[in-house]
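First comes the structure, then the notes that go with it.
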Amino acid sequence: MKISVQRQDFDAGAEIRALSRDPKVGAVASFVGVVREVAMMLEHYPGMTEREIGRIVEEAGTRWKVMDCTVIHRHGELKPTDQIVLVAVASAHRGDAFAACEFIMDYLKTRAPFWKKERTALGARWVEARASDDAAAERWQPRIAEPKKVG
Amino acid sequence: MKISVQRQDFDAGAEIRALSRDPKVGAVASFVGVVREVAMMLEHYPGMTEREIGRIVEEAGTRWKVMDCTVIHRHGELKPTDQIVLVAVASAHRGDAFAACEFIMDYLKTRAPFWKKERTALGARWVEARASDDAAAERWQPRIAEPKKVG
Amino acid sequence: MKVKLLFFAGLREQLGVAGEDIELPEGVGTVAALRSHLAKRGGAWREALAEGRLVRMSVNQDMANPSAALRAGDEVAFFPPVTGG
Amino acid sequence: MKVKLLFFAGLREQLGVAGEDIELPEGVGTVAALRSHLAKRGGAWREALAEGRLVRMSVNQDMANPSAALRAGDEVAFFPPVTGG
């Protein structure tokens with residue numbers, strides 16, 4: 001497992017390649033988030049960020065057969081078309097790899113302490129958290145079972 | 001849209017990067033299939049393969065907001081840990097990118113004319129089609145509506 | 001009328017031939033009829049194309065149903081269920 | 001007891017401070033109590049930490065509920081809902 005919070009860019013291909021060195025790996029699902037249209041500054045909480053991502057990845061490992069995983073999240077100044085985040089998950093089969101990768105992204109969006117400040121033409125403004133991201137993370141929650149009636 | 005059926009390896013990172021040049025792209029979901037444990041020869045039907053992948057990608061574009069897409073599938077002799085296939089989908093948002101990428105992979109597995117022949121210690125054998133792959137593709141089928149009763 | 005036949009993967013190996021051009025006899029006008037026609041050659045042909053065997057067919061590089069009609073010059077391929085990806 | 005405070009993003013800018021070490025008065029033993037205590041400083045503090053405002057809190061780099069207990073030496077952070085990824 002590799003978790004890195006860094007200023008510099010990353011090479012998704014090299015990271016994916018590194019995850020497929022184990023001959024038991026048959027599938028690597030990955031996601032790259034990219035800056036759209038507006039430049040931004042990404043602030044984070046050093047220390048907690050890595051810990052939180054580690055917990056998210058660990059949680060994914062309890063739900064799916066994850067053989068290895070790499071998460072890289074950039075911080076600092078980013079401009080349109082810059083890569084922001086990479087989540088890559090290696091598994092024997094593609095179903096596990098896809099599900100774990102999407103799960104990690106959804107949770108990263110709602111739990112990892114990063115904040116985006118957009119540099120718009122009208123000035124800088126902090127991006128507001130989106131309800132759709134909460135909803136995306138929410139769908140992975142186990143439904144709480146109805147309490148059993150004691151007769 | 002880029003579709004390539006080729007012998008040589010590919011650089012997933014460069015392909016992902018190429019899909020994020022458009023500043024409207026915010027998400028690139030991708031999948032790399034890798035040879036597990038046993039060397040193999042991958043045969044295909046030149047011409048039909050590219051057409052069929054094109055149809056699969058087009059179908060994905062009618063279901064999700066796909067901004068661009070790259071599919072590379074290798075053929076010929078491959079050994080363990082070699083990359084076999086890349087599907088990368090660019091979209092504004094991650095939900096569309098993930099769904100379209102998984103859909104294309106599932107359909108590729110059941111519709112694109114490729115056949116794997118494994119080189120095992122006991123000799124070469126053609127891989128049998130798996131029911132689980134049919135099931136994976138099947139789940140994307142729209143449920144057929146019950147015919148309406150005419151009174 | 002003449003059509004072009006192609007065979008792939010295990011089916012190609014079993015038949016010992018990758019393709020051939022054949023003249024279809026009167027009455028062989030669909031993919032299913034062509035399959036039966038070829039199976040009648042006996043030996044490996046009967047075995048590989050027997051009704052119980054899972055064989056996929058395409059016409060001019062489009063997946064085809066058994067009832068698909070054939071026309072002169074068509075490229076008709078026979079192959080096992082696919083296993084790529 | 002002493003705790004270390006950290007503020008991030010819009011909250012840090014609104015308060016004009018990234019962090020401070022403070023001595024907690026008697027009776028301020030939970031994250032919620034600390035928040036109220038800080039809000040009583042008035043001005044930007046009252047506004048930024050008012051009950052209606054969505055503020056997330058962590059203790060020693062773990063997300064914390066308002067009822068989480070504080071201990072001497074804790075690192076307590078206040079920040080807006082996250083927007084990474």
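Order of the sequence lines sets the chain letters (A, B, ...), proteins ahead of strands, with each chain counted from 1.
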| said: With a 4.5 angstrom heavy-atom cut-off, is it the side chain or the backbone of V28(A) that approaches chain B, or both, or neither? | reply: both
| At a heavy-atom separation under 4.5 Å, does R94(A) approach chain B through its side chain, its backbone, both, or neither? | both
| Contact origin within E15(A) toward chain B - heavy atom pairs under 4.5 Å | neither
| Of the backbone (N, CA, C, O) and the side chain (C-beta and beyond), which part of A14(A) lies under 4.5 Å from a heavy atom of chain B, both, or neither? | neither
| note | K24(B) and R36(A) have their tightest heavy-atom pair at O-NE, 3.3 Å
| said: I'd like to know whether CD of E58(B) has more than 12 heavy-atom contacts from other residues, nucleotides or ligands below 6.0 angstrom. | reply: no
| query | In this structure, are over 12 heavy atoms from other groups packed under 6.0 Å from E128(A) atom CD? | reply | no
| note | Answer key: most heavy-atom pairs under 4.5 Å with chain B among V87(A), D82(A), D133(A) is D133(A)
| field | Shortest non-hydrogen contact from R17(A) toward T81(B) | value | NH2-O, 3.1 Å
| request: Any chance you could measure C101(A), atom SG, to F98(B), atom CZ, to the nearest 0.5 Å? | output: 4.0 Å
| field | Nearest non-hydrogen partners of D11(B) and G13(A), listed with the distance | value | OD1-CA, 4.0 Å
| note | One option among I84(A), D106(A), D22(A) has the most heavy-atom pairs under 4.5 Å with chain B, and it is D106(A)
| task | Specify which of P80(A), S132(A), A92(A), G33(A) makes the most heavy-atom pairs with chain B at under 4.5 Å. | result | A92(A)
| request: Below 4.5 Å from any heavy atom of chain A, which atoms of A136(B) appear? Answer side chain, backbone, both or neither. | output: side chain
| note | Between I16(A) and A12(B) the two heavy atoms that sit nearest each other are CD1-CB, 4.0 Å
| query | Pick from S20(B), A27(B), P23(B): which one has the most heavy-atom pairs with chain A under 4.5 Å? | reply | P23(B)
